[in-house]
Amino acid sequence: MSKPFYITTPIYYVNARPHIGHAYTTIACDTIARRQRMLGFDTYFLTGTDEHGQKIERAAQAAGTDPQKFADEVSAQFRGLWQRMGITNDDYIRTTEERHKKGVGELFRRIRDKGYIYKGTYTGQYCVSEELYVDGLKPGDPCPTCGRITETVQEENYFFKLSAFQDKLLELYNSQPDFIRPETRRNEVISFVKSGLRDLSVSRSTFQWGIPVPDDPKHVIYVWLDALSNYITALGYGSDDTTKYKKYWPAEVQMIGKEIVRFHCVYWPAFLMAAEIPLPKAIVAHGWLLFEENKMSKSRGNIVRAETILDVLGNDALRYFLLREIVFGQDGSFSFDALVQRYNADLANGLGNLASRTLTMINRYFKGEVPFPSQRAARKAGDDVIAEQAEKAIKECKALFDQYQFSRGLEAAWALVGAVDKYIVENEPWALGEKQDEESRARLATVLYTSAEALRIVTALAHPVIPEATAKIWAQLGLDGIAKFDLSTLKWGQLQLGSKLGKVEPVFPRADKKAIERMQEMEDQQRGGVVTDAQPGVPEKTAAATPSAEAAKPEAAKPAATVSSDGKITIDDFAKVDLRVAQVKVAERVKGADKLLRLEVDLGYETRQILAGIAEAYAPETLIGRKVVIVANLAPRKMRGLESNGMIVAASLEGGKPVLASFLEEVPLGARLK
RNA sequence: GGCGGCGUAGCUCAGGUGGCUAGAGCGACGGUCUCAUAAUCCGUAGGUCGUAGGUUCGAGUCCUACCGCCGCCA
């Protein structure tokens, strides 16, 4: 009986369409799941969608539909994307499914029976967007997290005795240092718990879209208690058939985004403790995917969809990039440039080319049969070096993947690719192929066998990350069923001699600059449709995050929403505006626009293009060298086909011309105004 | 405001418990081979390891302050 291995993604909140951030989390889990299967674990991989809550109720209303239909549509989009990406989840849970509702009811009842849920009254401020009660605010105050105005509510609630678990939680973190990873998240959680836990409201009576509290259907169960339970209800907790639950729970890994650490590392274990259910072994939090240094958000209009990359470069390219380029756990930056560069360097020129050259030569010189390596005279030190490198790659890869250090694990595997390329050049098999003497033939056989065997090993190691291409290379090597290959037995020398190669063809065609342009165009088109992309009718203002993994914290809320009732903004609001000193380097008129100038300004750390409607007030040549103030973090915007990355600050006189802000003293470029 | 983290070559990152001339990959530049996806391979480029002090025979690695960025909490 093989060991069970249960892994979960967060369930994604259906208030937003899936994007590359969701894909990132899911890909990481899929990679782990595939690897664990190859290692012989009885792996169970769960993902799904979170569909309840006031936010969904309101979004559906705004879209003129009912919440269930609304959720159906978005959930189907997630499911469709995962199918398209070949995600190997074993189940897909939706919180609106009967099995889930039943399980949640059961969990609620159980915690209540144990005495950890009681009825109380809450009066205070409530943030609809975050679906959270916020302490210490006055009526009309904005939510400290999202900036939207909170609502005053008074309601009778069920409360969970979270306060009773403070010591037990601290003991958990202490006795299982790996419970929360990475360590920086662990520190945050510990300090949060140490600062004292208040009881948690776990029901709502102000809206309907949720699971009714058992025996008191006026209330619905709080979204987080609802959502978190999915990890066990999907296994059959609270149902008649608990086979899977008994087999797979507790989970080995629960992957989350860093924005939902508190819910998974504090509330979730506390709920489980209260119900006397075993705790998951580890909660692993990854960082955020930034787009060229900025958070992806709807308001910035810089959300990238996974589909674009799938269309242009393919599934493996996306998977490889995300896991190789980003240090797992830290925030990482996504850009089309970096994606294509990585793709070409590592996949096309690296693994793809190695497969191509090795297999082509075996075809040419040995009629497509893996040759026998010579045992005696034709052996050289270099051959053994490759074998050693391969063993090293296997070892390091294992250690690093076990710790979810994907980027370093791939780096270790690719070191072997580099070594083999070098080995091939040093041994010049093409020159050996010219000769017919026995010595040369033997040598050629050894060189090509060695190369092919190393290729086989890299292919096996990389399979969990790039399943499609590695399956092809595997088949080209004349092997079959890479997914069934037992990774734990992988070692040098397993390649069957004389095995017949499959048809050899490139697996990673080289990408050119057009690929970048194409992806950008596709995204631009999508974004052009942001306003109308109300497909499932998700109004912009609901784009905030709660139980979703990636939706992240809604920064840069609509200005109108951050202004309190008296028209004043907080210092935090102002701090969102990044005002910087920049120097004009280039200034020219924009064809066909009377007022517009195209400027290139130097911020000291970067140069960027800004379009400014100041042509009537300033001749372009008079601006060159002048220091100006710009809003540096304004979302890019296209005007007259040119992209403007920022805004020049100027006094706007009544009916008159703009006057640029400037300084009397000397100021360095890039200096921030605050 | 409290707590915590980070700041190393153009880019992404390595550099447990201080110790040879600070590393890798990518990119850039020059050269090479020709089996291969104009791929490979070789060489070069030269970073005050955020700043200023301190501890030490010796600090990127420890301490203090400061600057910048970020996270959690209030």
Side-chain angles (χ1 to χ4, degrees), chain A residues 134-137 144-145 180 182-197 258-262 265-266 285 287-288 290 292-293 295 321 324-335 337-366 396 400 405 407-408 410-415 417-434 444 447-448 451-452 455 469 504-512 552-553 555 571-572 575 578 604-606 668 670-672 674:
Chain A
V134 193
D135 295 308
L137 295 186
T145 307
I180 305 169
E183 203 173 333
T184 168
R185 301 297 156 217
R186 178 171 177 263
N187 294 338
E188 283 174 9
V189 170
I190 289 175
S191 88
F192 173 77
V193 174
K194 273 190 179 157
S195 74
L197 295 175
K258 67 179 183 182
E259 73 283 357
I260 49 176
V261 163
R262 197 163 94 206
C265 299
V266 181
W288 284 344
L290 310 177
E292 292 171 354
E293 312 293 307
K295 282 182 193 168
F321 178 83
R324 174 64 187 85
E325 184 83 3
I326 295 163
V327 178
F328 201 71
Q330 295 182 21
D331 288 356
S333 152
F334 177 88
S335 75
D337 267 14
L339 169 68
V340 169
Q341 190 172 303
R342 236 342 142 185
Y343 174 86
N344 278 335
D346 293 3
L347 296 180
N349 301 350
L351 180 61
N353 184 55
L354 177 63
S356 178
R357 67 194 310 203
T358 304
L359 299 172
T360 300
M361 284 190 279
I362 291 178
N363 265 336
R364 178 171 310 177
Y365 302 124
F366 293 98
E396 288 183 355
L400 292 163
Q405 299 201 38
S407 61
R408 296 185 66 185
L410 287 169
E411 203 177 348
W414 255 251
V417 173
V420 178
D421 270 332
K422 182 172 178 169
Y423 168 81
I424 290 176
V425 168
E426 281 170 352
N427 287 284
E428 301 187 313
W430 50 89
L432 295 167
E434 299 282 294
L444 180 60
V447 171
L448 291 184
S451 305
L455 172 65
V504 174
E505 50 192 18
V507 289
F508 293 117
R510 220 182 128 74
D512 57 17
K553 197 195 313 184
E555 91 309 344
I571 183 73
D572 291 332
D578 191 21
Y605 53 92
E606 67 172 88
R672 184 161 184 193
K674 51 185 181 181

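Just so it is clear, the structure is predicted and the values come from calculations on it, not from any experiment. Chain identifiers are assigned alphabetically (A, B, ...) following the order of the sequence lines, protein sequences preceding nucleic acid strands; residue numbering begins at 1 within each chain. The analysis underlying the following values was restricted to heavy atoms, covering all of them including side chains, and did not include hydrogens, waters or symmetry mates.
Side-chain nitrogen and oxygen atoms of Arg185(A) include none within less than 4.0 Å of the OP1 or OP2 phosphate oxygen of G5(B).
Here Arg185(A) pairs with Glu188(A) in a salt bridge; the nearest charged N to carboxylate O distance falls below 4.0 Å.
Note: NZ (Lys258(A)) to P (C73(B)) measures 12 Å, nearest angstrom. Put simply, CD1 on Ile326(A) is 14 Å from P on A14(B), counting in whole angstrom units. At whole-Å resolution of the value, CD1 in Ile190(A) and P in G2(B) are 21 Å apart. Straight-line distance from the CG atom of Asn427(A) to the P atom of C33(B): 18 Å, rounded to whole Å. Protein atom CG of Leu400(A) is 12 Å distant from nucleotide atom P of A14(B), rounded to whole Å. For the pair Glu396(A) CD and A14(B) P, the computed distance is 15 Å after rounding to whole Å. C26(B) atom C1' lies 15 Å from atom CG of Leu410(A), rounded to whole Å. Straight-line distance from the CD atom of Gln405(A) to the P atom of A14(B): 9 Å, rounded to whole Å.
The partner of G18(B) is absent, by the rule that a Watson-Crick or G-U pair needs both atom distances under 3.5 Å. The base-pairing partner of C29(B), taking Watson-Crick or G-U wobble contacts with both distances under 3.5 Å, is G43(B).
The shortest distance between side-chain heavy atoms of Ile326(A) and Asp331(A) does not fall below 4.5 Å. Val266(A) has its side chain within reach of Val193(A): a pair of non-hydrogen atoms, C-beta onward, lies under 4.5 Å apart. Counting heavy atoms from C-beta outward, Asp421(A) and Arg357(A) have side chains that approach closer than 4.5 Å.
Positionally, the nearest nucleotide of RNA chain B for Gln330(A) lies more toward the 5' end than for the other of Gln330(A) and Glu428(A).
Remark: Asn363(A) CG to Thr358(A) OG1 distance equals 11.5 Å, nearest 0.5 Å.
For Arg408(A), the listed nucleotide lying nearest its side chain is G15(B); candidates were G15(B), G27(B), C73(B).
G27(B) and U12(B) have their P atoms separated by 15 Å, with the value rounded to a whole Å.
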Going 5' to 3' along nucleotides 34-41 of chain B, which nucleotides have protein heavy atoms under 4.0 Å from the base (write B), which only from the sugar-phosphate (write S), and which from neither (write -)?
SBBB-SBS
Name the pairs: protein N/O against N/O of nucleotides 61-63 of chain B, kept only if under 3.5 Å.
none

